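One structure is given here, and the rest of the page talks about it.
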Amino acid sequence: MALVRYSPWQEMNSLQHQLNRLFDEALTPTNSDDFGNFSKIPAAELTETDDALHLKLEVPGMSAKDLDIQVMVDKVAIVGERKAETNASENVRTRSEFRYGKFQRVIPLPVRIENTNVTADYKDGILHLNLPKSHEERNKVVKVSIPETEATA
């Protein structure tokens, strides 16, 4: 019997491979019905300026009529559906990593906005929402008080 030297790094590499395989199996579908909700949620980017919030949402391959956008004073709700194109031929096999199906996302906003003055633009698969801040938020000044502490000698 041969002696084998214990290597903790070998154990770490084995654990890393097992975790990678676990995530690959969880996030890679085996058929078009196997997509989880996580894979359907479009990515978002929120930028804040002095007078507005700018929200960008990745929704490639969709038309504007497939999106339902509802803006409240403190959040934005977006519902959409990316429909799969069907082939009439029976002899065609397709393996797709595209994300099809309904999605729903609610994005909380860090400040209150004027939801009656929101503008939207959809270009190159990116939805742009311009969300003007409410007048109270623009002029909001908060006084910060510092508690007095006694100096210790």
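Residue numbers count from 1 along this sequence. Every value quoted in this text rests on a predicted model; they were computed, and no experiment measured them.
Nearest heavy-atom pair across P132 and A52 is CA-CB, 3.9 Å. Nearest heavy atom pair, residue L46 against residue P110, reads CD2-CD, 3.7 Å. The heavy-atom pair separating L109 from M72 by the smallest distance is CD1-O, 4.4 Å. Contact record, E114 with S134: CG-CA, 3.6 Å, taken as the closest heavy-atom pair. Minimum heavy-atom separation, R105 to P42: NH1-O, 2.6 Å. Residues P108 and K75 share a closest heavy-atom pair of CA-CB, 4.1 Å.
Put simply, the side chain of V73 reaches to within 4.5 Å of the side chain of N115, judged on heavy atoms. E58 places none of its side-chain heavy atoms less than 4.5 Å from the side chain of E45. Under the 4.5 Å side-chain criterion, counting only non-hydrogen atoms from C-beta, I78 is not in contact with V59.
Interatomic distance, CG of D66 versus NZ of K102, reported as 10.5 Å (0.5 Å rounding). The CG atom of L55 sits 10.5 Å away from atom CG of N130, with the distance rounded to the nearest 0.5 Å. To the nearest 0.5 Å, atom CZ of residue R112 and atom NE2 of residue H135 are 13.5 Å apart. Taking CG from D51 and CD1 from I113, the interatomic distance works out to 13.0 Å, rounded to the nearest 0.5 Å. Taking CZ of F103 as the reference point, atom CG of L57 lies at 6.5 Å (rounded to 0.5 Å). Here the straight-line distance linking atom CG of D121 with atom NZ of K56 works out to 11.5 Å at 0.5 Å rounding.
By the rule that hydrophobic residues join a cluster once side-chain heavy atoms approach within less than 4.5 Å of another member, I107 and V118 end up as members of one cluster. V71 is not connected to I126 by any chain of hydrophobic side-chain contacts under 4.5 Å among Ile, Leu, Val, Met, Phe, Trp and Tyr, and they are in different clusters.
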Start with the C-alpha distance between Q104 and V79, add both sets of side-chain angles, then the distance that settles side-chain contact (heavy atoms from CB on, under 4.5 Å), and finish with yes or no. CA-CA 4 Å; Q104 173 177 328; V79 178; 4.1 Å; yes
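At least one donor-acceptor pair under 3.5 Å links the side chain of R82 to the backbone N or O of P60.
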